[in-house]
Amino acid sequence: MEIGSKLKEARVQCTMTQEQVAEELQVSRQTISNWENEKSYPDVNSLVLLSEVFKTSIDNLIKGDIENMKEKINEQEIKKFNYYGNIFTVHLVITLLSAVPLFFWLERLAFIPFGILFVITMYWALKVEKVKKDNDIQTYKEIVAFSEGKRLDEIQKQREIGKRPYQNVLKMIVAAIVAIVVCFLIGLLFHLLGN
């Protein structure tokens with residue numbers, strides 16, 4: 001980020017010392033030094049005060065840093081998406097693999113732990129869906145590109161947007177098949193336990 005050098009440049013142009021700027025902002029001289037050396041960054045209120053002290057716009061102070069800030073935010077979103085996705089995957093696998101043993105050992109009481117596992121899995125699924133919605137990613141190609149920190153160009157994005165209705169139908173079909181398989185397995189378990 002370039003904000004540190006821009007702050008220093010603006011301070012020098014105003015012929016002010018770090019102590020004078022610190023006094024104007026009611027912060028320590030060390031804080032000003034940290035901002036200029038990019039060990040830390042000013043918050044929004046400090047940027048407003050700095051722009052007033054240096055008689056310049058906030059835009060001039062942070063110009064060039066906006067893209068870097070967007071990249072940092074994007075990196076955080078990708079990490080969050082991958083983290084939620086991994087937790088969801090683990091819970092989904094545990095939920096699916098535990099269904100048969102739970103119903104085999106606990107019979108009808110298995111609905112309680114299975115229900116708890118299912119609710120936890122759905123919680124993480126909703127977290128993943130929120131990140132997807134916030135970043136406007138829905139198709140497989142968009143998800144893969146996003147998780148790798150890439151963005152699709154406009155033509156690719158428009159193609160993927162065109163695929164969304166078909167993929168929504170496919171999602172419903174897959175969800176129905178999974179539900180039928182789970183119901184079949186649970187019914188089979190009850191049948192085996194009943195005999």
Side-chain angles (χ1 to χ4, degrees), residues 1 3 38-41 43-44 62 65-195:
M1 297 180 91
I3 194 166
E38 298 182 2
K39 292 181 180 173
S40 64
Y41 300 100
D43 60 13
V44 174
I62 63 171
D65 286 339
I66 293 173
E67 286 305 314
N68 290 337
M69 289 176 184
K70 283 181 184 176
E71 285 178 25
K72 293 269 185 210
I73 291 168
N74 196 28
E75 285 176 23
Q76 292 172 344
E77 286 293 305
I78 292 166
K79 286 179 183 175
K80 187 168 44 170
F81 178 74
N82 289 334
Y83 176 73
Y84 292 162
N86 290 338
I87 291 176
F88 167 69
T89 302
V90 168
H91 277 108
L92 181 64
V93 169
I94 290 171
T95 302
L96 292 175
L97 293 178
S98 67
V100 173
L102 279 174
F103 283 97
F104 185 73
W105 291 321
L106 300 175
E107 297 177 357
R108 292 180 195 263
L109 292 176
F111 282 108
I112 296 169
F114 184 77
I116 292 169
L117 284 172
F118 181 78
V119 168
I120 292 170
T121 303
M122 289 302 104
Y123 169 78
W124 289 108
L126 290 173
K127 298 283 263 183
V128 169
E129 287 300 316
K130 182 173 181 346
V131 174
K132 285 171 53 181
K133 182 179 179 187
D134 291 345
N135 292 282
D136 191 30
I137 53 173
Q138 294 180 19
T139 66
Y140 178 75
K141 197 171 190 176
E142 290 172 321
I143 292 167
V144 170
F146 181 78
S147 65
E148 293 174 351
K150 301 174 186 170
R151 287 284 183 186
L152 301 177
D153 63 29
E154 277 306 308
I155 294 172
Q156 290 174 319
K157 184 75 174 173
Q158 290 305 318
R159 285 181 187 155
E160 293 305 308
I161 289 172
K163 293 179 185 177
R164 288 178 182 177
Y166 304 110
Q167 289 192 349
N168 287 338
V169 171
L170 186 62
K171 283 181 202 174
M172 289 189 307
I173 292 170
V174 169
I177 291 170
V178 168
I180 290 169
V181 168
V182 169
C183 290
F184 174 75
L185 291 174
I186 292 172
L188 184 64
L189 262 170
F190 280 129
H191 179 72
L192 292 173
L193 292 173
N195 291 337

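Note: hydrogens, waters and symmetry copies are ignored here, and every other heavy atom, side chains too, is used.
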Which residues share a side chain to side chain donor-acceptor pair (under 3.5 Å) with Lys39, sequence neighbours left out: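 Residues passing side chain to side chain donor-acceptor pair (under 3.5 Å) with Lys39: none at all.
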
Step-by-step side chain to side chain contact (heavy atoms under 4.5 Å, CB included) determination, Leu106 to Ile112: CA-CA 10 Å; Leu106 300 175; Ile112 296 169; over 6 Å; no

Val119 side chain reached by Tyr123 side chain, heavy atoms, under 4.5 Å: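 A side-chain contact under 4.5 Å is absent here.
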
Test item: Val128 and Ile87 side chains (from C-beta on) under 4.5 Å apart, heavy atoms: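 No; the side chains remain at least 4.5 Å from each other.
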
Trace of the side chain to side chain contact (heavy atoms under 4.5 Å, CB included) decision for Leu109 with Leu102: CA-CA 9 Å; Leu109 292 176; Leu102 279 174; over 6 Å; no

Within 6.0 Å of CZ in Phe114, more than 12 heavy atoms from elsewhere: yes

How long is the span from the [atom1] atom in [X] to the [atom2] atom in [Y], to the nearest 0.5 Å?
X	Y	atom1	atom2	result
Tyr84	Thr89	OH	OG1	14.5 Å
Met122	Leu92	CE	CG	6.5 Å
Ile116	Thr95	CD1	OG1	11.0 Å
Phe111	Arg108	CZ	CZ	8.0 Å
His91	Ile94	NE2	CD1	5.5 Å
Ser98	Phe118	OG	CZ	12.0 Å

For Lys132, salt bridge (Lys or Arg N to Asp or Glu O under 4.0 Å) partners two or more places apart: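 Salt bridge (Lys or Arg N to Asp or Glu O under 4.0 Å) list for Lys132, sorted by chain: Glu129.
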
Salt bridge (Lys or Arg N to Asp or Glu O under 4.0 Å) partners for Lys80, two or more places apart: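 Scan of Lys80 (salt bridge (Lys or Arg N to Asp or Glu O under 4.0 Å), adjacent residues dropped) gives Glu77.
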
